[in-house]
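The chain is numbered in sequence order, starting from 1.
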Amino acid sequence: CTVKTILFCLCFFVLIPCLIYLLSYLPFRDYEGNGLIARTLKNQVTMFRYHSTLTATHPYSSPWYQWPVIARPIWYFSGQPGGTLREGISAFGNPLVWWTGIPAFLFMIRLAWKEQDQTAGFLLVGYLAQYLPWVFVSRITFIYHYFPSVAFVVLMIVHTMMRLARDKGKKQFLFTAALYGLAAFCLFVMFYPVLTGQPVETAYVDHWLRWFDSWVLTAK
C-alpha cells in the first residue's frame, strides 16, 4: 500500500465517518449544558457501560460466527388465521446471497494478497469494518447486526463474477450475473410469505422453507 492509499483509507473510513457521527448529535440534548463533543463522548460511555454489563438472554439471539450461514433467524411474529394456514415474520437473509458471500470473501483475500487487487482490498476493509467489531461484543447479538455487511457481500460477489469472467468476456459475465440474479430472486419469492407475514400453508413452510431445525418461521 502506498502512503496515498493509506491516507485515503484513513480519511474515507475514519475521519469522514467520525465527522458524520459527531454531527448526528447536533439535535441531541442531555440537558446538562454540555457542548457537542462533550455530550457525544458522554453518550458513548453510557452506551458502553450498558452493553458491556448486559446479561439478558433471548431464544433467537446468535453469535457473530453464525450470521453468514444463517444459523438462527429471528422469529418476530406468528399468527394463525385458520385451518392449516399460518403467518410468520422472520429476519434473515437470502441464502444464495449470504452463503455465496463466504467463498467470495475468501476470494477477495486471495486477490488482495496475491494480486494486489485494490478493489478487493477496499471491499475487504468495508466488509470487516462492519463485521469485525461484533467479534468483540460480549452481550447477546442478533442476525440483523449482520445486515450492514451484506452490502459489501453483494459487491464482493459481483467483483468475484467479474474477475472469473474476465478471461471469457463480457457476455459470460452478463450471463452468469443474470442467472445468479434470477436464482436469488426466485429464492426471495419462495421465502416472501415468512418475511412479510403473509398467510401460507404449514406444509409449504415445512417442506420448502424450513431447511434447518433452527429456522422457526411459523408456528406449528
Side-chain angles (χ1 to χ4, degrees), residues 1-26 36-37 40-41 43-45 47-48 50-52 61-74 91-168 170 172-174 176-177 180-181 184 188:
C1 294
T2 64
V3 175
K4 184 178 180 181
T5 301
I6 294 175
L7 291 176
F8 173 80
C9 289
L10 287 175
C11 180
F12 193 85
F13 290 111
V14 179
L15 181 60
I16 293 178
C18 287
L19 180 61
I20 294 174
Y21 185 75
L22 178 64
L23 294 177
S24 71
Y25 273 83
L26 283 174
L36 176 62
I37 295 178
T40 301
L41 292 176
N43 201 47
Q44 307 315 300
V45 173
M47 289 189 294
F48 177 79
Y50 169 78
H51 289 288
S52 62
S61 64
S62 57
W64 62 271
Y65 52 83
Q66 291 184 348
W67 301 339
V69 296
I70 320 178
R72 188 61 168 170
I74 301 178
F92 62 104
N94 190 310
L96 191 58
V97 176
W98 287 34
W99 293 349
T100 306
I102 298 173
F105 169 71
L106 298 176
F107 188 58
M108 292 301 104
I109 296 177
R110 178 184 179 278
L111 291 179
W113 181 261
K114 290 191 174 182
E115 301 185 23
Q116 299 296 305
D117 187 315
Q118 294 187 359
T119 300
F122 178 85
L123 294 177
L124 283 173
V125 171
Y127 174 75
L128 292 176
Q130 296 289 337
Y131 186 39
L132 190 59
W134 292 105
V135 175
F136 308 100
V137 175
S138 58
R139 54 152 287 181
I140 60 171
T141 53
F142 301 88
I143 195 172
Y144 59 69
H145 290 130
Y146 189 64
F147 287 177
S149 303
V150 177
F152 290 97
V153 169
V154 173
L155 293 175
M156 288 190 293
I157 293 172
V158 173
H159 190 54
T160 297
M161 290 182 181
M162 293 179 67
R163 289 301 302 262
L164 294 178
R166 183 175 60 178
D167 298 333
K168 297 183 179 181
K170 183 178 180 180
Q172 180 67 28
F173 165 72
L174 293 176
T176 304
Y180 175 80
F188 168 74

Please report the shortest heavy-atom distance between [X] and [Y], naming the atom on each side.
| X | Y | result |
| --- | --- | --- |
| A91 | I143 | O-CG2, 3.3 Å |
| A120 | A112 | CB-N, 4.1 Å |
| P148 | Q130 | CB-OE1, 3.3 Å |
| P63 | T141 | CA-OG1, 3.8 Å |
| S138 | S52 | OG-O, 4.4 Å |
| L22 | T40 | CD1-OG1, 3.5 Å |

Using 0.5 Å steps for rounding, measure from the [atom1] atom of [X] to the [atom2] atom of [Y].
| X | Y | atom1 | atom2 | answer |
| --- | --- | --- | --- | --- |
| I157 | M108 | CD1 | CE | 9.5 Å |
| L123 | Q118 | CG | CD | 12.0 Å |
| F147 | F142 | CZ | CZ | 12.5 Å |

Legend entry - Mutual orientation of the aromatic rings belonging to Y131 and Y127 [parallel < 30°, tilted 30-60°, perpendicular > 60°]: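 Aromatic pair Y131/Y127 classed tilted.
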
Inset, instruction - Specify whether W134 and H145 have parallel, tilted or perpendicular ring planes, treating 30° as the upper limit for parallel and 60° as the lower limit for perpendicular. - result: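 Answer is parallel, since the angle falls under 30°.
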
List, one per line, each side-chain donor-acceptor pair under 3.5 Å for residues 92-102, sequence neighbours excluded.
unit_1 : atom_1 : unit_2 : atom_2 : d
N94    : OD1    : L96    : N      : 3.0
N94    : ND2    : A184   : O      : 2.8
W99    : NE1    : V69    : O      : 3.0
T100   : OG1    : L96    : O      : 2.4

Inset, instruction - Name all pairs fulfilling the salt bridge (Lys or Arg N to Asp or Glu O under 4.0 Å) condition that reach into residues 116-126, sequence neighbours left out, sorted by first residue then second. - result: D117-R163

Inset, instruction - Look only at the side chain of Y180 and the backbone of V158, and say whether a donor-acceptor pair between them is shorter than 3.5 Å. - result: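 No; zero donor-acceptor contacts below 3.5 Å.
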
Legend entry - Q116 side chain vs W113 backbone, donor-acceptor pair below 3.5 Å: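 Such a contact is found between Q116 side chain and W113 backbone.
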
Legend entry - Among I109, L111, T119, the one residue meeting side chain to side chain contact (heavy atoms under 4.5 Å, CB included) with L124: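 Among I109, L111, T119, the one meeting side chain to side chain contact (heavy atoms under 4.5 Å, CB included) with L124 is I109.
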
Inset, instruction - Kindly write out the residues that satisfy side-chain hydrogen bond (donor to acceptor under 3.5 Å, both in side chains) with Q44, not counting sequence neighbours, or none if the list is empty. - result: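 Expected list: Y21, Y25.
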
Inset, instruction - Measure the shortest side-chain to side-chain distance between L41 and V45 over non-hydrogen atoms and say whether it is less than 4.5 angstrom. - result: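 Side-chain contact under 4.5 Å: no.
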
Inset, instruction - Side-chain contact test, heavy atoms from C-beta onward, threshold under 4.5 Å: evaluate it for V135 versus L132 and give yes or no. - result: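 Contact flag for V135/L132 side chains = yes.
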
Legend entry - Over 12 foreign heavy atoms within 6.0 Å of OH, Y144: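 Above 12, so yes.
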
Inset, instruction - Give a yes or no on this: more than 12 heavy atoms of other residues, nucleotides or ligands lie within 6.0 Å of atom CG of L26. - result: yes

Inset, instruction - May I have the step-by-step check of side chain to side chain contact (heavy atoms under 4.5 Å, CB included) for F107 and R110, ending in yes or no? - result: CA-CA 5 Å; F107 188 58; R110 178 184 179 278; 4.0 Å; yes

